Amino acid sequence: MAAADRIAESVRRFLSHDSGPFAQFVKYGAVGVMATCVQFAVFYALAATCLRCLTAEDRAVALLGLPYAVFSGSEPWYASRWFLAAVATAVGFTIANVFCWLMNRAFVFRPGKFAWYAEFAFFFGAAAAATAVALVVQSLLIRFVGVTTSFAAIVEVIVSFLVNFFTRRFFIFKG
């Protein structure tokens, strides 16, 4: 067998549903990174434009050159920044989770434990529950600790990732 054929076979085996737990976790992480990119793209598109919940101190503003809202600290906007960030996160979450379900079903977990519509409902429900918990953490960090929107969004993603993997691995898919 030629080297190219061996490499192609290794890639096929890795991408199959029978690749083993370690490969499954690696693929889950890769899909998670892609879904996170989708979520952050939507989040920042909304946070920088129509929801205007980024501040000048936000690292994403400096790194990506995003627009931010200017305020003195007493405007109603600033008091509701945590809510606007939660709305941007919820929209990004919804779009990213549809993408994530499709990718997990195709490359990571073996579908078929439930009918596709039940699987999707469980997948989305588990993700929504994990994100709800993570959103509470995000909102508290912004509102009471005073962290930047971007830092709180990163914490939200980490908490969601960990809860989602275990829920999806052991309860939703066949494994």
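What you are looking at is a predicted structure, and each value in this text was computed from that prediction instead of being measured.
Considering only heavy atoms from C-beta on, T167 comes within 4.5 Å of I172 through its side chain. V87 places none of its side-chain heavy atoms less than 4.5 Å from the side chain of L46. Counting heavy atoms from C-beta on, the side chains of T55 and V61 never come closer than 4.5 Å. Looking only at side-chain heavy atoms (C-beta outward), T131 and E156 come within less than 4.5 Å of each other. Inter-residue side-chain proximity for M34 and M103 is flagged as met; some heavy-atom pair is nearer than 4.5 Å. Taking 4.5 Å as the limit, every side-chain heavy atom of L140 sits out of range of all side-chain heavy atoms of V145. Side-chain contact between F165 and V108: absent, with no pair of heavy atoms (C-beta onward) separated by less than 4.5 Å. The shortest distance between side-chain heavy atoms of Q138 and L135 falls below 4.5 Å.
Both I154 and L64 are part of a single hydrophobic cluster, where members link through side-chain heavy atoms under 4.5 Å apart. Using a 4.5 Å cut-off between side-chain heavy atoms of Ile, Leu, Val, Met, Phe, Trp and Tyr, with links allowed through other members, V11 and F25 fall into the same hydrophobic cluster. Tracing side-chain contacts under 4.5 Å through hydrophobic residues (I, L, V, M, F, W, Y), one never reaches F151 starting from V136; they form parts of separate clusters. In the hydrophobic cluster analysis, where Ile, Leu, Val, Met, Phe, Trp and Tyr join through side-chain heavy atoms closer than 4.5 angstrom, V163 is grouped apart from F161. At a threshold of 4.5 Å between side-chain heavy atoms, the hydrophobic network of Ile, Leu, Val, Met, Phe, Trp and Tyr places V33 and V42 in two separate groups.
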Please step through side-chain contact (heavy atoms from CB on, under 4.5 Å) for the pair R110 and F173, ending with a clear verdict. CA-CA 6 Å; R110 184 179 306 283; F173 293 105; over 6 Å; no

List the steps and the verdict of ring-ring contact (aromatic ring centres under 6.0 Å, His included) for Y28 and F107. CA-CA 8 Å; Y28 181 81; F107 298 109; over 10 Å; no

T148 and R59: side-chain hydrogen bond (donor to acceptor under 3.5 Å, both in side chains), yes or no, with the steps? CA-CA 8 Å; T148 65; R59 303 277 285 162; over 6 Å; no

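Scanning both residues, A88 and A47, for their nearest heavy atoms gives CB-N, 4.4 Å. Here the shortest heavy-atom pairing between A60 and S150 reads CB-OG, 3.4 Å. Minimum heavy-atom separation, F109 to Q24: CD2-NE2, 3.2 Å. Contact detail for A85 and I142: the closest heavy-atom pair is CB-CD1, 4.0 Å. Smallest separation of non-hydrogen atoms from P67 and A48: CG-O, 3.2 Å.
For the ring-ring contact (aromatic ring centres under 6.0 Å, His included) with W101, the qualifying choice from F120, F124, F122 is F120, the only one to do so.
The distance from the CZ atom of F83 to the CZ atom of R143 is 11.5 Å, given to the nearest 0.5 Å.
Within a 6.0 Å radius of CZ in F14, other residues, nucleotides and ligands contribute more than 12 heavy atoms. Heavy atoms of other residues, nucleotides or ligands lying less than 6.0 angstrom from CZ of F114 number more than 12.
With hydrogens and angles ignored, the 3.5 Å screen pairs a side-chain donor or acceptor of S16 with a backbone N or O of R13. Between the side chain of R52 and the backbone N or O of Y68 there is at least one donor-acceptor pair closer than 3.5 Å. Remark: the backbone N or O of L54 is not paired with any side-chain donor or acceptor of D58 at under 3.5 angstrom. With T149 contributing its side chain and C53 its backbone, the two residues share a donor-acceptor pair below 3.5 Å. The backbone N or O of F22 lies less than 3.5 Å from no partner atom in the side chain of K27, so there is not a single donor-acceptor pair.
Between R12 and E9, at least one side-chain N (NZ, or NE/NH1/NH2) sits under 4.0 Å from a carboxylate O, which counts as a salt bridge.
Ring orientation note: the planes of F43 and F40 are nearly perpendicular, at an angle over 60° on the 30°/60° scale.
A cation-pi contact, defined as under 6.0 Å to the ring centre and within 45° of the axis, links R168 to F123.
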